[in-house]
Amino acid sequence: MRGRPRRRSGTADRGVAITLNYVLVLGISTILVTGLLVTGGQFVEDQREQVIESEMTVVGSHVAGNLEHVDRLVRAGDVEATTAAVNQSFQNSLTGTTYTVRISTGPDELVITSTRPELTITVSVDSDIPLQDGAAASGGKITAYYDPDAASGDGRLVIDNV
Amino acid sequence: MADLTGPFRAGSSRGNDGRTDEGRSRRERGQILLVAALLLAATFVVLALVVNSAIFAENLSTRDDVAGSQDALQYRAEVVDTVGTTMVTLNENSDTTHADLRDRLAAATAALADQGGIQQSTAGRLATVAYPGDPANTTHGERIAQDAHERNLTSDDWDSDWTLANDVDGARNVQFNFTHVDTDADQCGFFDHSCPSPFTLSIDGPDGTWTMTVRRQFDLFDEDDGYATPQEEVDITTTNPAGESATCTRVVPMTDDSNLTVDVTGGTANGEVCPALNRLQATGAPLWLGAGTDTPYDVEFTNGGPFNGTYSMVVAGTANGFTLESGVSSDEPYHTDAIYAVTLGYGYHASAVAYDTEVRVAPGEAPP
């Protein structure tokens, strides 16, 4: 006599397969989405750094131009000027980061540094009147001026915030 | 869509709320994608801000210089020109004392300051020009001139070689108008290359002598008659103490109505640029009046006899009273009081520019 056919344990197998299926789908999806976000975030960060650098170059070029203009104002003619200043307003922050413009001598240049991310670029300054080494200004309204008494009577070009 | 919520759906059971697990899970699907989409949206917003900053940076980079920074020098140049022209006019048309000249120039400068100040104020700028007329702001000098164009370039005693001024600290606006340049061919011997003798303006200083000569070209051996023949070309030659020399040539026909104007300090001859008067020396400085000499220097004429014309100059110092008439003379070389240079107070203030300085005005002066 034939016995009753044994019932397969299909329910238990299917349950394992579905669990595996879900784990795989969830895992792969999470990996893909995470990868997309990480890549996208890195791309945006790279772009941000590039934009900050180009903005710092632009701001530095303007400040350098203003310093050179003050140099011309002071040296125009036979008598040195007593007052010569050129002011210009810039953004307080560049793409979300604050920044500092600092004069460095040897060679004469402006060092522009951002805080977050920490980036540094330099812009050269061509001036006959010596620059005041270490003079610095942060973002906002920056004045480039001539200080006739900066170095014990020997005039210097200086930058500062207004 | 795949169910990304992760609940295990082996079967459906009914919960306390009467809904099946299947129904709940359908509603709770897609959180990972939702979160991912929100994060991506935030990333795009940040990217948009970055692009915006980049556009602003490009815009900033194309902006011009700070408004008004050029105007400060431009207005300054206008002031120097205007006061310089006033000074030249006063010197040329006044036979009066230094004090009187200062007062007149101070009055003219005050009028200029008022008018210019009003004009600049309409553009939102404050411009000030000040000349108090003090001797401290003024370099006194004397104007030396000859107005008789038919007279030769000799002293009032008809000396051909003579000194116009001794130990002066400068000479400016040195101008000649030759109405006759030596054409006498008889003085020249056969192939005498030093012939004819030129007219020479000498600036004789501690470091040597700078000279400007004016000489008509001669054909030293004319094929027709074998004698020297004057040409229409006239050479203007400058030489510095180091022996460096430069020449420019102008055509001056040998007719009564032809003349040769030489603006020595302006660097032109007959109105055109004369390289001899501003060619660069080895030192890099132009070969202009007094180049390579030092002050104080003497101003001398040599061989003025065969040359006619008028001339004018202002010297920083005293003219030679023994060779010149005192006061304006219509037929003799003379000297009068003049202002050589003044120092103005100049100020220019705009919204982004501050500029205060002193400006020296000495029209027609070759820099030292």
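These numbers were taken from a predicted model, which means no experiment stands behind them.
Proximity to chain B is absent for every atom of A:Q50, based on heavy atoms less than 4.5 angstrom apart. Neither the backbone nor the side chain of A:Y145 comes within contact range of chain B; no heavy atoms are under 4.5 Å apart. B:E58 does not touch chain A: none of its heavy atoms, backbone or side chain, sits under 4.5 Å away. Only the side chain of A:L37 comes within contact range of chain B, with heavy atoms under 4.5 Å apart. Contact of B:R63 with chain A is made through backbone and side chain together, with heavy-atom distances under 4.5 Å. Contact of A:S61 with chain B is not made at all, since no heavy-atom distance falls under 4.5 Å. In this structure, chain A has a heavy atom under 4.5 Å from the side chain of B:F56, while its backbone stays farther away.
Side chains of B:R125 and B:Y75: a donor-acceptor N/O pair is absent below 3.5 angstrom, by distance only.
When each of B:V46, B:T343, B:L40 is checked for heavy-atom pairs under 4.5 Å with chain A, B:L40 comes out on top. Comparing A:L73, A:V44, A:V86 by heavy-atom pairs within less than 4.5 Å of chain B, the highest count is held by A:L73. Counting heavy-atom pairs under 4.5 Å between each of B:T43, B:V353, B:L60 and chain A puts B:L60 at the top. Heavy-atom pairs under 4.5 Å with chain B were tallied for A:R48, A:Q91, A:Q47; the largest tally goes to A:Q91. Ranked by heavy-atom pairs under 4.5 Å with chain B, the first of A:H62, A:R72, A:Q88 is A:H62. Interface remark: of the candidates B:A77, B:S53, B:G347, B:A37, B:S53 forms the most heavy-atom pairs closer than 4.5 Å to chain A. No other option in A:V162, A:V33, A:T30, A:T82 has as many heavy-atom pairs under 4.5 Å with chain B as A:T82.
No side-chain donor-acceptor contact under 3.5 Å links B:T357 to the backbone of B:Y346. Distance alone, capped at 3.5 Å, is enough to place a donor-acceptor pair between the B:R102 side chain and the B:G133 backbone. The backbone N or O of A:E68 sits nowhere less than 3.5 Å from a side-chain atom of A:D126 that would complete a donor-acceptor pair.
The only member of B:V88, B:T85, B:D81, B:V83 that meets side chain to side chain contact (heavy atoms under 4.5 Å, CB included) when paired with B:P363 is B:V88. The only option from A:V63, A:L131, A:T122 that meets the side chain to side chain contact (heavy atoms under 4.5 Å, CB included) definition with A:L110 turns out to be A:V63.
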| said: Checking B:W288 against B:L277 for the side-chain contact (heavy atoms from CB on, under 4.5 Å) test, could you report, in this order, the C-alpha distance in whole Å, the side-chain angles of both residues, the deciding distance, and whether it holds? | reply: CA-CA 5 Å; B:W288 49 37; B:L277 297 167; 5.9 Å; no
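Other residues, nucleotides and ligands contribute at most 12 non-hydrogen atoms within 6.0 Å of the CD atom of B:Q119.
Taken from CG in B:D71 to OH in B:Y355, the straight-line distance is 13.0 Å, to the nearest 0.5 Å.
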